[in-house]
Every structure is written in C-alpha cells, then in structure tokens.
There are 2 protein chains.
Amino acid sequence: MVRDVTRRPTILDVAARAGVSKSTVSLVLQGSDQVRPETRDAVRTAMVEIGYVYNRAAANLRSASVGLVGLVINDLRNPFFTQFATTLQMTLAARGYATVIANSDEDPALQARLVGSMIEHGVAGLVISPAYGSAGATFDQLARTGLPVLQVLRKTDPRTDLFPFASFDYAAGSVAAARHLLERGARRIAFVGGLPGRAITQQRQSGWRTVMAEHGLDTVALEGKPTRAFGMQVAGTLHARHPEIDAAICFNDLVALGLIAGFARAGRQVGTDFRVVGFDDIEEAAQSWPQLSSVACDIDRFARDTAARLLDWMVDARRPAPEILMPVALVTRDSSIAPCPCAASHPTRIQ
Amino acid sequence: MVRDVTRRPTILDVAARAGVSKSTVSLVLQGSDQVRPETRDAVRTAMVEIGYVYNRAAANLRSASVGLVGLVINDLRNPFFTQFATTLQMTLAARGYATVIANSDEDPALQARLVGSMIEHGVAGLVISPAYGSAGATFDQLARTGLPVLQVLRKTDPRTDLFPFASFDYAAGSVAAARHLLERGARRIAFVGGLPGRAITQQRQSGWRTVMAEHGLDTVALEGKPTRAFGMQVAGTLHARHPEIDAAICFNDLVALGLIAGFARAGRQVGTDFRVVGFDDIEEAAQSWPQLSSVACDIDRFARDTAARLLDWMVDARRPAPEILMPVALVTRDSSIAPCPCAASHPTRIQ
DNA sequence: AAGGCTCTTTGGATCGTTCCAATTTCAGCG
DNA sequence: CGCTGAAATTGGAACGATCCAAAGAGCCTT
C-alpha cells in the first residue's frame, strides 16, 4: 500500500524511512538526550529527505503546551505601543514562542472577541494593554482559564493578584519634568493632552501638580486626545488666549511634537520663549527640531522584562509581583533648554 | 465515574449535560442549520453552564483549517508597515481570522525561523513583506507546503505565479512628484534616501529620472537609509555643499521630515527657497510643519485589498493575479507650494 | 552461563475535535 | 396503520503528535 503523495508526511513516514518507531522520532523532535546520536542523525536525515513539517496542533492536543503567546494592544498605531509589541514579539521569538498580536482599537467588545479567539487558539499566556471600558466579563473569562495574564501600561482590572500589573513610574517623571522647567526659569507651566479622568492622565499630571503646589503656582491643564493633531490645536489656543504660559508638560511626545509644529506655524520658536517636555521619549524626539525633551520610558527594557516575567510564569509557574513600576528618566534637549535655535544640542540624562 | 473537575470541559461534557451526542454538539459549534433550534439552544445553554471553551487545536488536527494567518514584516517599527499590519489584522479579525504578526527586522535568517514557526502553527495563509537577502530556501519551503502566500510591497522571489505580488505604482508617483516640482519652479531636484541597488529605490527614482531627462536636467541622488536621521544628515550636506539644489524628492516621508528638521536647524525654511516631496503620506505628513507634500499610498485600502485577496485564495481557492500595482496620488502641501510660512495650508490632491 | 544493570527503543492508549455513513424521528399521505 | 422521504441525530473512525510502561540490547559481574 503506497502512501498518498499529496499528504503531508507525518512522524510515521519519517519513522518508516529511518527504520525506527514513531516514538523514537518523537523523542528526536523533543531533543531528548536518551536517543543514540547515530539514530538521531538518521531520523533528522529522513526528515529532511521527505520534507517533514512538525504539526504543532497535533502535539498540542496531547501535551497542552503551545508555544503561542497572545498580545492585545489598545492602539497599535501609537509608536510607543508598536515599539513595545515589536520588542516583546522578538524577545519571545528568541525563546521559541510565536506571538499573536492584535489591536483592540480601544474597543472593549472587539477586545473580548480577540481574547476569546486567542484562548481558543490555546495561547500559553497573554499580555494585554487593555482598552478602557467594561471588560469585566473578559477578565472573568481569563480568570476561569487560569492562564498567565499580564496587564501592562494600563490597569483596568484591579485584581493584580490574578492579573499582575506593570507600568512606568509616571508620577516621578512628572515631578522631574516640572522641577526641570522651574529651574530653567519657567513659571506658568501648563499640562497639555491626556484624556480626562483616566488613570494614566492623572499619574502623568500628579507630579506636576505636587511641584506646582509646593511653589504656590497655578495650574492649567488642557486635556484632550493624545495625538499630534490635538497638540497643534492647543498651540493655537495657547498662542491666542494664554500668552502668559511659558512652558508645557505634554501627555506624550506626539502631543508635544504637535504643539511644537503648531508654534512653528505661528512663527513662534519653542526652546527660547516657550519650553516643552514630552513623555515617552520616542525615537523621533531626538530627531525633531528643536529636539524634544522627554521623560524617557525605556520601552525596550520594559518589553524584555515583560517577556521574562511572562516566561517565568508560563514555564516555571513563578507568579510575578502583583505590581511593578519601572523607573523613568528625564532626557533634556533643546525644547526645554536651548538658549538659541542655532546652538548644537547636547542631550543630558538626569535622575 | 465522576469526571476530573480540574480538566477543561470537552464536547463530551457538553453533550452529556445537554443530553445529546457529541456529534450534535459539533454540528452546533459549526453553526450547521440541520440541528433543530430547540436542540441548538439546549446545547448552547449547556456550554455556558459548564464553561466550555472550544479547542481549536483538536479541531484543526482533524479538519486542517485553522483560522490563523501569518504576517511577516521586515520592519514593523516603520509607521508605514505598522499601519499596514494593523489594518490587515483588523480586517482579518472581522472575518474570524487571528493574525500572527512577526517582525523579521530585515534578517533573512530570522525570517526563515519565523516562517517555519508559522507553518508549524498551521497558518492557513501568509502575507510577507520579505527581508532582503537570500530567502530562496524559505520560499522553497513555502512552495512545498502549497500554502497561499502573498508578497507585498517587496518582491524578493520572482515566482509571482506561486507568490503573487502586490505593491504601489511608485514610478508613476515619482513622475507626478517631479512634474509638480518643475511646475513650481524648481530646477535642480535631488533624490534623497533609499538604499542603493534595491528595486524599490529604483522604482521611486525612475519617474524622476525620466522627467529630468525629458527636460535635459542633471540628476543627483543621495542614497542612504530610509530614516529620519539620514534625512537630517543630508540636510547638512545639501546646505553646505550643494546650495544650487532647490528641491528634493525623498525616498519616504521619514527622510523628508528629517530633511525638513535638518534645514530648520540650519535656519533654512522649507517651502519657499527649497521644496520637498516625500513618499507614503504617513499621518504625520499632514501634521508636521510645514505640512509635507507626499506621494500618497493608500495603505489602508491596500491592506484591505490584500486581506480580500488572501481570503479569496484561502477560502475559495481563487489564486489572485500574479502582479498588481495600486495607483498612487500626489498630495501637495506647504513643503512644496507655500509662498510664505504664515499662509494657511490648503492641501490639494491631484492625479 | 545466568543474572543484574543501564541505555535505547517500542507499541498502544490517549488528547478533543470533525467527518461520514448509518440510524432514528417524525410529519404527511394513501 | 403502515409506508415514505426528509430532517435530525448518532456512534465509530480518523487526524498526528505525546506519554508511559514495558521490552530489547549490551555490558559487567559473579
């Protein structure tokens, strides 16, 4: 009886070719050291010869470990999240895990479907930067599966014992930014961007509020979407209606870059009569002009740490700490310190 | 005999609970219309009651259709590719497919491993923007699997019958950009950015070369990495050594924005004495200052088309056309037309 | 030569679904 | 009431790997 040639070869075909049993082939696949080297090589050769491809679905059915990790992000178009996703995926790939990446686009219903789909695909763990909104059912479902799940950058479910949370110490960054601007002579510092009522907006504002209160200074917060467009819009408002304001801490670098672009359009030069500090220190911050001061969140390190914590949990069943805040560093550049548009830039990293 | 409570429930448990056979449960799962509505509802209720989750691995083992699509991208950090990946993933999600996204980081060896991993996971189709370099073995492997594979934005394997290719009509965009700059009075138009020898660089240059030749004008190409940093660097070079050059077509918007930032640092105003057109029309182009003229590649539409073509192939076995070039449109903004820095901008879409 | 020990190898059961052919159910009809 | 055909349901055989207990091979000891 001849085997159907159009069928994908299985370990049985490999076994027949190599003259061993399927169990031996399976052992070779798993890299077991209790197979004689000659046998192992013969099996490997047979695999190559007949073009065998491993069938993970079949393996998974029996052993329930999949080598697949889910990543759900609320806004994958934001370069900050893109960077996180990319580094996380590559770190996991280096450890032999494939990553299913999905964008919830800030939609809890879509997020629920995506998480459901990932559970079905049998992911071994999940990293989620959750969309805002009611996701109780989604997290309840995850709790029932007992899957390792990490909340990152945002915490929408308070059960950090079930869903450990990690983010950056934004409040400390906010303090550093405010102190720095005061030192450079600014007095009326506005906070620009960030959606009202959200935890992350409050965190990024909190240090600034504290420092301003310490110095008995008024605070103006112009809240809005964390986008370049909003930054540009605010530039117009500030220029026309709040000429007294001489500095801004922006919710993120996109807002800050929009603000700078808006000021430039109005013929006003950021860095001299107006100082700006952003959040995130995205790659572009060092390449814009003027170069943008920013509270640097080392997102690559954060992504690698996240991968490590997830792997610890998945592989060694070591549940990570319920809550971690990674330190941030203020990087000062032209947008907050330059005395003159033509001066060369020497970024300084403090704290 | 009582079932182990720690075990995940299977369709057998559902069947027992609903008082039907496993086959009926399977039919319900597949949304078959040959199940009586009452039975269907009873099964659905049972599923919810015992917290059943579908095991895709098992289903896949039998039926070999996985609902999983692979996406391999050479540079996921590039906003152009990010946008593509995000829209593709969301379009496929709407059709019930999950997407495994991976970044090859321009490394053919890593790319080979990623593709291998995706095949193992049993993806039903693959979209790849391949890394440059020797990937013959990878594509041979794909050819052997008979999987639907689309090459997008880059073609490293010439067998477009096996791996249909789709991209944008960059050459036409290049013609439009060059004509436009000449109309606005520019004469010495440089081409900036793009790695030497690559097909995409040649395509984006070709129209410009043709038009310049038609007008008997010299061409200067400053080739280099498609990054903001390279654009900034070139700004210095042009300013210092090529003051006669009065316009540039940039390989992409990142280079163009870097170039503009570099000119701004040198105190030179783009849009008046120097004109710039980029490629890709990324979101930022409309929000920078001056706003950037760009050859718009409708990446969202491209992503949706790609998803549709892949689904046609996977679901209906309709193999798509071997080669498609999607038309592009030149969007003119301040960086190539504004007579004065303070003028309001009125973007115009031509062609 | 037989027994004991370690190192390799093996067959059969198993995982949770889908597929298929066969069986049961049931309404309509003579 | 029995027959018929369509609709609904069912049991058993896959799918391709892993797991496990057990068997085989080889070597050393007595």
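Below, chains carry the letters A, B, ... as their sequence lines are ordered, and counting in each starts from 1. Below, all heavy atoms of this structure are taken into account, side chains as well, without hydrogens, waters or symmetry copies.
N55(A) and E120(B) are not linked by any side-chain donor-acceptor pair at a separation below 3.5 angstrom, with hydrogens and angles left out of the test. In this structure, a donor-acceptor pair under 3.5 Å is absent between the side chains of T86(B) and N103(A).
Side chains of R319(A) and D161(A) form no contact here, defined as non-hydrogen atoms less than 4.5 Å apart.
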Identify every side-chain donor-acceptor pair in residues 24-35 of chain B under 3.5 Å, counting partners at least two apart or on other chains, and give the distances.
from: T24(B); atom 1: OG1; to: S21(B); atom 2: OG; distance (Å): 3.4
from: S26(B); atom 1: OG; to: Q30(B); atom 2: NE2; distance (Å): 2.9
from: Q30(B); atom 1: NE2; to: S26(B); atom 2: O; distance (Å): 3.0
from: S32(B); atom 1: OG; to: Q34(B); atom 2: N; distance (Å): 3.1

Without placing hydrogens or testing angles, list every side-chain donor-acceptor pair under 3.5 Å for residues 69-76 of chain A, not counting sequence neighbours.
from: N74(A); atom 1: OD1; to: S129(A); atom 2: OG; distance (Å): 2.7
from: N74(A); atom 1: ND2; to: E106(A); atom 2: OE2; distance (Å): 3.3
from: D75(A); atom 1: OD1; to: R77(A); atom 2: N; distance (Å): 3.1

Contact list (N/O, under 3.5 angstrom) for nucleotides 23-25 of chain D vs protein:
none

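For Q34(A) and dT18(D), the CD to C1' distance is 13 Å, given to the nearest whole Å. To the nearest angstrom, P of dC15(D) lies 18 Å from CG of N55(B). What separates CG of N60(B) from C1' of dA17(D) is a distance of 12 Å, to the nearest Å.
Residues from residues 26-33 of chain A lying near DNA chain D, meaning a heavy-atom separation below 4.0 Å, are S26(A), Q30(A) in numerical order.
Residue-to-nucleotide proximity on DNA chain D shows that, of A58(B) and T39(B), the 5′-proximal contact is made by T39(B). Of the two residues contacting DNA chain C, namely P37(A) and K22(B), the nearest-nucleotide position lying further toward the 5' end is that of P37(A).
In terms of the side-chain hydrogen bond (donor to acceptor under 3.5 Å, both in side chains) criterion, T99(B) has no residue partners (sequence neighbours excluded).
Taking both residues in full, the closest heavy atoms of A166(B) and F302(B) are given as O-CZ, 3.4 Å, listed atom of the first, atom of the second, then distance.
R159(B) has a carboxylate O that lies under 4.0 Å from a charged side-chain N of D157(B), or vice versa, which qualifies the two as a salt bridge.
Remark: S21(B) is in phosphate contact with dT10(D), judged by side-chain N or O atoms under 4.0 Å from OP1 or OP2. In this structure, T24(B) reaches the dT10(D) phosphate: one of its side-chain N or O atoms is under 4.0 Å from OP1 or OP2.
A donor N or O paired with an acceptor N or O is not found under 3.5 Å between the base of dA8(D) and the side-chain atoms of R36(B).
The nucleotide range of DNA chain C contacted by chain B, defined by atoms under 4.0 angstrom from heavy atoms of the protein and reported 5' to 3', is dG16(C) to dC19(C).
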>> As a quick check of understanding, evaluate side chain to side chain contact (heavy atoms under 4.5 Å, CB included) for F84(A) and V152(A), giving each step before the final call.
In response: CA-CA 10 Å; F84(A) 173 71; V152(A) 292; 3.9 Å; yes
>> Quick one, E38(A) with D41(A), criterion side chain to side chain contact (heavy atoms under 4.5 Å, CB included). Give me CA distance, side-chain angles, the key distance, then yes/no.
In response: CA-CA 5 Å; E38(A) 301 92 89; D41(A) 293 344; 5.8 Å; no
>> side chain to side chain contact (heavy atoms under 4.5 Å, CB included) for F80(A) and I299(A)? Distances and angles first, verdict last.
In response: CA-CA 8 Å; F80(A) 189 68; I299(A) 192 69; 3.6 Å; yes
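Residue V20(B) is in sugar-phosphate contact alone, with no base atom involved, counting any heavy-atom pair closer than 4.0 Å across all strands shown.
The listed nucleotides are dT18(D), dC19(D), dT9(D); the one nearest the side chain of A59(A) is dT18(D).
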